[in-house]
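What follows is a set of notes on a single structure, which appears directly below.
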Amino acid sequence: MTVAAGLGYALIALGPALSIFVSVIAKRPFLVLTLLSSTLFWLVSLILLSGVWRAFLPVKSSASWTYAIVILTSVSFQEGVRLIFWKLYKRLEEMLNSFADRTSKPRLFLTDKMQIGLAIISSAFLLIHTFSMVIAFNGYAESRKSDQFFVPVIHMVASMMTLINLVPGGCAVGVPLLCFFAFVTLHYCWRTVCRRLIEN
Amino acid sequence: MFPPLDRGFVLFVVCVLLLVDSFCLVAGEANALESVPDLAKAMYLNVEGYPCVRLLNLSAEIGCSNPGWKKIVAPIFKLEMIEKPVVNSFAVLVPLEEFESLLLRVSSDPKLAERIAGVLVESTGIEHRSLGSSPDEKFPQAAFAPYLNVSFEWNPRGSRIMWNHYNFPAFLLSDESTKLLQEMAKQNEKNFKAYPSTVAEFDLVMQTTKAETRDSASCLKKQTCLPLGGYSVWSSLPPIDTTSAEPPKSIILVMASMDSASFFRDVSFGADSPLSGLIALLAAVDALSHGSNLSELKKQLVFAVFTGEVWGYLGSRRFLLELDLGADSLKGLNGSMIEQVLEIGSVGKGISGGVTTFFAHPGQDTSSTNEMLNALQKAGISLGSDNVNIRKADVSNPGVPPSSLMSFLRKNSSVSGIVLEDFDTSFINKFYHSHLDNPSNINSSSIAAASIIIARALYILASDSPFLDLIALNSIKVNVSLVEELVGCLLTCEPGFSCGLVKQFISPSNICPSHYVGVFVDSPFETQHPQYADDTSRFVWNFLADRTSAPQKNASPCKVGCHESAEVCVAAETENSRCVKSTTRYIPTYSTRLKFEANSWHILPANASDPSGLVDPVWTESYWNTIGLRVYTMQSSAYDNMVLLIGILSTVATYIATLVSRTFLLKVLKHD
């Protein structure tokens, strides 16, 4: 992989997020600060999670169902943390966007188009998290159960879907499905925003 | 807007996916890598290969090197692809039989050389031993000959390829690597013009290429290279008693050399040339050491094993120089007392058709050399078999074959010396200085025969009496299993230096013996316990010290030195170290044109008193950082650029999308 390809994969993974940052967040210093604080919060949640899971390592790679349990508990924990973060944020009473970066996966996959696959998965998860945050905070603010229910479900399903990649040739199915989910989340977010604007 | 349909749709998709997931959890497992090093190992494959390195002399460079600072990356194709002009620069996978002809073509055709990014030589399974190949010259080291006929072809198969300059890296592949790379070349041919292709990455960056120092003088000055050299060993049987009041005895010097070379730096067993001579010498010392009346011999036997002989007779020249200077390393040896010199050359191929024949090449035709020849012939007869012959070399030969004796003759043409070889007018060894000169090229019985002949001949010469003690003569026997063990230890990788005989004396740093002389790493002042002597030198020193000493009871263990000056510490690196009375010393061996001063090497001007030094090329080897060869799959650059383009486009598209949606929302808000 040459430098050009490496840069290309990085841009595929983080470019959309970078664009959103530059066009929406960068202009407002307060948004930048809240973005940084929420990133910190997310990282802390991941560290706590890995600390808990350290007791159960190393995970035997032959048993895929152990990965399912890891994902189950991780996602549940993160959704719980999301709720806590909302409660904390509510005290600030501001609208914000947040970036979450999933940094530690407990496994790596090797297929022919591994780098492309990873880049697209990173991008999709980034967008899912971004838009999920908007939806979730909206759900908490308005106490709409459908919104509050939608986000954890989408998060859980999208994470479980990455297990499809463990099957040989699974990436060809898993990655497009993930992109589809990112699109679903985006669409749902867009609808929520439109609804809010119409109500106002 | 349309909540129920949307929600229902999402729920449906979720259910489908959970179903799929449950199937997947039961399905099989793909490759599981668990860490980044695992990933690196799966992507890059390190290939086992033996390099050819850059060597320099006073006027030029030889050998192979990367042409610049960087690693060379090129797709792997078979030699036939060179005929297709479409393929520009690639790594050539060449079978062993065509290796020499390819290199000869490359030397004469610069356009061809440009198309070769690197050379990978297969080690074919079928031994093409009938033709033989030798990368050396037709008259090796002709400049050092003490006679004028330098066009005599001692080595008729010599192709000279190891003395040419190549601007690309070259590696000899091991057997497993050969199969692997043949597969990859075949795959590349199938995918020709369609990526991904398998590329080879050559790391053979030489310091002298980076520093632009193209000859020994400049590279030694800039310290981008080191001179070739090592540690020769000499020993005397019985040990020389310097305190004795008796007049010194005249000396019979027996010599052999322990270094070989080939096109590839680390694969040079040199089984026939010259290690068979070394093994015969060691076995002869062993045979003589069991005699009971050594101190009654009229002449002193001195055994010398030289290194660096391939690269300008470094060992023999250094020996003669230090003998003149009366240096520490040769203390106890009086050069003027050397009466006769017997050199043991290649003796591994003396048996053909059940008959053992060795040829004695005299330096001069004098009464002294005739006496030596007689002793050899008597020794041959004493074996009691009709099938052993010692013949004088053909008179049509211009003189001695390439050998250490040439250094002695150039210095003093009246030296009485004989070189014992298994050939007459040209080398029988078809693989002179080739990496294929391994034990399948020699016969250990030939070495054993040579060794017993030499031992008995030395006894005859050293006893120097008109009445030959036949009983004592016939009691000198050679240990044939010792000869075979030495062949296994010094000339093969299994057992190699892990054999018992070697481990008895040293703790070797490598298992596979390599007889390339190597570079002189240290300062050349240590003769008792040099730190950087290579495994072969240390083994020879310890073996000779052990065999030339009298057996002792209550030997005290030692680490480095012994209390008494006449004693040395044998097997110092092992647990069985002991102090023995022996005269065995190292001779730091490097060119007589070099001097080590102020922590660097300086080339001395040519001196008429050192005739061999006038023609010495002063060989040095370039410094190098790492040498390696690995293969991996690579995509075409078009693919990589496309990925970059997609990344840029998706970034820009998202930016535009956010701008568009923001203006749309603002418009919507304005409408409210």
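In what follows, every chain begins at residue 1, and chains take the letters A, B, ... in the order their sequences are listed.
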Side chain to side chain donor-acceptor pair (under 3.5 Å) involving B:T626 - partner list, sequence neighbours excluded |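 Residues passing side chain to side chain donor-acceptor pair (under 3.5 Å) with B:T626: B:D203.
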Which residues satisfy the side chain to side chain donor-acceptor pair (under 3.5 Å) test with B:S650, sequence neighbours excluded?
->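 If we apply the side chain to side chain donor-acceptor pair (under 3.5 Å) test to B:S650, skipping adjacent residues, there are no hits.
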State whether the side chain of A:S23 and the backbone N or O of B:Y655 hold a donor-acceptor pair below 3.5 Å, judged by distance alone.
->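 Pair absent, no side-chain N/O of A:S23 close to backbone of B:Y655.
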Provide the full list of disulfide bond (SG atoms under 2.5 Å apart) pairs with a residue in residues 64-93 of chain B, sequence neighbours left out, each pair given once.
->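 Qualifying pairs: B:C52-B:C64.
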Residue-level contacts of residues 76-83 of chain B with chain A, using a heavy-atom cutoff under 4.5 Å | none
For B:T654 and A:I20, which heavy atoms make the closest approach, and how far apart are they?
-> CG2-CG1, 4.1 Å
Where do A:A4 and B:N641 come nearest, in terms of heavy atoms and distance?
->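 Heavy atoms only, the tightest pair is CB-OD1, 3.8 Å.
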Is the CZ atom of A:F183 crowded by more than 12 outside heavy atoms at less than 6.0 Å?
-> no
Quick one: pull up CD1 in B:I646 and CG in A:L11 and give me the separation to the nearest 0.5 Å.
-> 11.5 Å
